[in-house]
Amino acid sequence: QETARRIAKEKIAPRAAEMDETGEYPHDIFAAFKETGLTGLTIPRQYGGSGAGMFALALAVEEAAKYCCASGLMLLLSALPSQPVMIGGDERQKKWIGEGIASGDMKGAFCLTEPNVGSDPGNLETRAARDGDDYIINGEKMYISGGTVADYVVCFARTNGTPGPQGISGFIVPPDTPGFRVAGQDRKMGVRGVPTADILFEDCRVPRENLIGGVEGQGFNHAMMTLNSCRPVVGARGLGLAEGAMSYALEFARQRKAFGKPIAELQAIQFMFADMAIQIEAARMLVYQGAWRVDQGLFGREHAVYLSIAKAHATE
């Protein structure tokens, strides 16, 4: 938390407005995260990370998001694309992705959402057909955070004719794979420092060894467990933003004068700040408890409601 707070004040705060104005990915901010080991918080020690867990990542994301939501998202993306591999990958895959993320030498992206199915991943349309020792992937993904700067993506695709979640598998796909193409980049109102991309897979051939876990049909479970475990960290972005917003508002209220005194001394304004503080503390407890649950291994289907509550309340 202290490390992230220092980076946020020294590196992020001076650049936050510029990042949103230019929409350019801040490689210098990522370098600061890399140099201090913040990219490896959720990666186990045997793969080069600190194994500090989701609670530690939530604390770091909160500090970054006080000044810049995009910087908080950069840290979140150390976990979101690596979790499917850490949850369901084989030893070779965990070493490959874990060491790359922990060292900061690799960035990832999580390719689940599609134009026609949105937030209904059980009915995704992207296909991966077996062809000898390879799979050929065809489909389109959208709203992919960090998609233009990723060194690999985790793509979820249907590997057989089974409808619903049972037919879905996950694949590790490097962007230099023939048939992989970034088709476009969204124009956003905010969080512009981290690009959001459309990605096409057109006869994209990946080796069978890139099938996560080596077994077909496990992808939906890997994706849901990943989303569950990362929800409190998304909430931490909202929590940090709220703290930052209240800090800006308080500074203004202390300087702005009305009726001969700063408006911060007016009871009506004080009531507003009291309500802000209450909401922030409620969000903090939900986020922290949710992240703690994940670190205890409590992020299965039966625990998802608590993790979703943390994300929903804090982001609202």
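All residue numbers refer to positions in the sequence shown, counting from 1.
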Q) Is a donor on one side and an acceptor on the other found under 3.5 Å between the side chain of Asp203 and the backbone of Gly179? A) no
Q. Under 3.5 Å, is there a donor-acceptor pair between the side chain of Thr22 and the main chain of Glu18?
A. yes
(Q) Using 0.5 Å steps for rounding, measure from the CE atom of Met86 to the CD1 atom of Ile97. (A) 7.5 Å
Q.
If the condition is ring pair (Phe, Tyr, Trp, His ring centres under 6.0 Å), which residues does Tyr306 pass it with, not counting sequence neighbours?
A. none
(Q) According to ring-ring contact (aromatic ring centres under 6.0 Å, His included), does anything in residues 252-285 pair up with another residue at least two apart or in another chain? List the pairs. (A) none
Q) Between Asn210 and Ile172, is there a donor-acceptor pair closer than 3.5 Å when you use the side chain of the first and the backbone of the second? A) yes
Q: Look up atom CG in Asn228 and atom CZ in Arg293, then write down how far apart they are to the nearest 0.5 Å.
A: 12.0 Å
Q: Check ring pair (Phe, Tyr, Trp, His ring centres under 6.0 Å) between Phe156 and all other residues, then give those that pass, not counting sequence neighbours.
A: Phe110
Give every donor-acceptor pair under 3.5 Å between a side-chain atom in residues 185-198 and any protein atom, sequence neighbours left out.
{"from": "Lys188", "atom 1": "NZ", "to": "Val191", "atom 2": "O", "distance (Å)": "2.9"}
{"from": "Lys188", "atom 1": "NZ", "to": "Val194", "atom 2": "O", "distance (Å)": "2.6"}
{"from": "Lys188", "atom 1": "NZ", "to": "Thr196", "atom 2": "OG1", "distance (Å)": "2.8"}
{"from": "Arg192", "atom 1": "NE", "to": "Asp20", "atom 2": "O", "distance (Å)": "2.5"}
{"from": "Arg192", "atom 1": "NH2", "to": "Glu21", "atom 2": "O", "distance (Å)": "3.2"}

Q) Restricting to pairs with a member in residues 12-46, which pass ring-ring contact (aromatic ring centres under 6.0 Å, His included), not counting sequence neighbours? A) Tyr25-His27
Q) Can you tell if the side chain of Lys311 reaches within under 4.5 Å of the side chain of Leu307, non-hydrogen atoms only? A) no
(Q) Under the rule for salt bridge (charged side-chain N to carboxylate O under 4.0 Å, His left out), what residues qualify as partners of Lys95, not counting sequence neighbours? (A) Glu99
Q) Excluding sequence neighbours, so at least two apart, what forms side chain to side chain donor-acceptor pair (under 3.5 Å) with Ser229? A) Gln83
(Q) As a quick check of understanding, evaluate side chain to side chain contact (heavy atoms under 4.5 Å, CB included) for Lys261 and Leu266, giving each step before the final call. (A) CA-CA 8 Å; Lys261 59 183 177 182; Leu266 299 175; 3.6 Å; yes
Q.
When you compare the side chain of Lys141 with that of Leu200, does any pair of heavy atoms fall below 4.5 Å?
A. no
Q) What pairs of residues pass the side chain to side chain donor-acceptor pair (under 3.5 Å) test when at least one of them lies in residues 84-94, not counting sequence neighbours? A) Tyr47-Glu91
Q. What distance separates Cys155 SG from Leu124 CG, expressed to the nearest 0.5 Å?
A. 8.5 Å
Q) Which residues pass the side chain to side chain donor-acceptor pair (under 3.5 Å) test with Tyr135, sequence neighbours left out? A) Glu216
Q: Could I get the full list of side chain to side chain donor-acceptor pair (under 3.5 Å) partners for Arg158, not counting sequence neighbours?
A: none
Q. Quick one: OG1 on Thr126 to CG on Asn138, what's the gap to the nearest 0.5 Å?
A. 8.5 Å
Q. Are the charged groups of Asp134 and Arg208 less than 4.0 angstrom apart, N to O?
A. no
**Q.** Neighbour count above 12 (heavy atom, 6.0 Å) for Met272 CE
**A.** no
Q.
Let me confirm one number: the CZ-CG distance from Phe220 to Asn123, rounded to the nearest 0.5 Å.
A. 9.0 Å
Q: Check the surroundings of atom CZ in Arg130: do more than 12 heavy atoms from other residues, nucleotides or ligands lie under 6.0 Å from it?
A: yes
Q: Examine distances only and state if a side-chain atom of Asp131 and a backbone atom of Ile136 form a donor-acceptor pair shorter than 3.5 Å.
A: no
Q: Tell me, yes or no, whether the heavy-atom count around Asp133 atom CG, taken from other residues, nucleotides or ligands under 6.0 Å, exceeds 12.
A: no
**Q.** Residues which pass ring pair (Phe, Tyr, Trp, His ring centres under 6.0 Å) with Phe180, listed by chain and number, not counting sequence neighbours
**A.** Phe201
Q | Spacing of NZ belonging to Lys11 relative to OG1 belonging to Thr36, to within rounding of 0.5 Å | A | 10.0 Å
Q) Hey, is CD on Gln267 packed in by over 12 heavy atoms from elsewhere, all under 6.0 Å? A) no
Q) Taking the side chain from Tyr248 and the backbone from Glu243, do they hold a donor-acceptor pair closer than 3.5 Å? A) no
**Q.** Glu125 side chain vs Glu114 backbone, donor-acceptor pair below 3.5 Å
**A.** no
Q) Are Met19 and Leu38 grouped together when hydrophobic residues (ILVMFWY) are joined by side-chain heavy atoms under 4.5 angstrom apart? A) yes
(Q) With a sphere of 6.0 Å drawn around CZ of Arg6, does it hold more than 12 non-hydrogen atoms of other residues, nucleotides or ligands? (A) yes
Side-chain donor-acceptor pairs under 3.5 Å in residues 53-74, sequence neighbours left out?
{"from": "Glu62", "atom 1": "OE1", "to": "Tyr288", "atom 2": "OH", "distance (Å)": "2.7"}
{"from": "Glu62", "atom 1": "OE2", "to": "Arg284", "atom 2": "NH1", "distance (Å)": "2.9"}
{"from": "Glu63", "atom 1": "OE1", "to": "Arg5", "atom 2": "NE", "distance (Å)": "3.1"}
{"from": "Glu63", "atom 1": "OE1", "to": "Lys66", "atom 2": "NZ", "distance (Å)": "3.2"}
{"from": "Glu63", "atom 1": "OE2", "to": "Arg5", "atom 2": "NH2", "distance (Å)": "3.0"}
{"from": "Glu63", "atom 1": "OE2", "to": "Lys66", "atom 2": "NZ", "distance (Å)": "3.3"}

Q: Begin with the C-alpha distance, continue with both residues' side-chain angles, and end with the deciding distance and a verdict on side chain to side chain donor-acceptor pair (under 3.5 Å) for Ser169 and Thr159.
A: CA-CA 6 Å; Ser169 304; Thr159 45; 2.8 Å; yes
**Q.** ILVMFWY network linking Ile87 to Leu211, side-chain heavy atoms under 4.5 angstrom
**A.** no
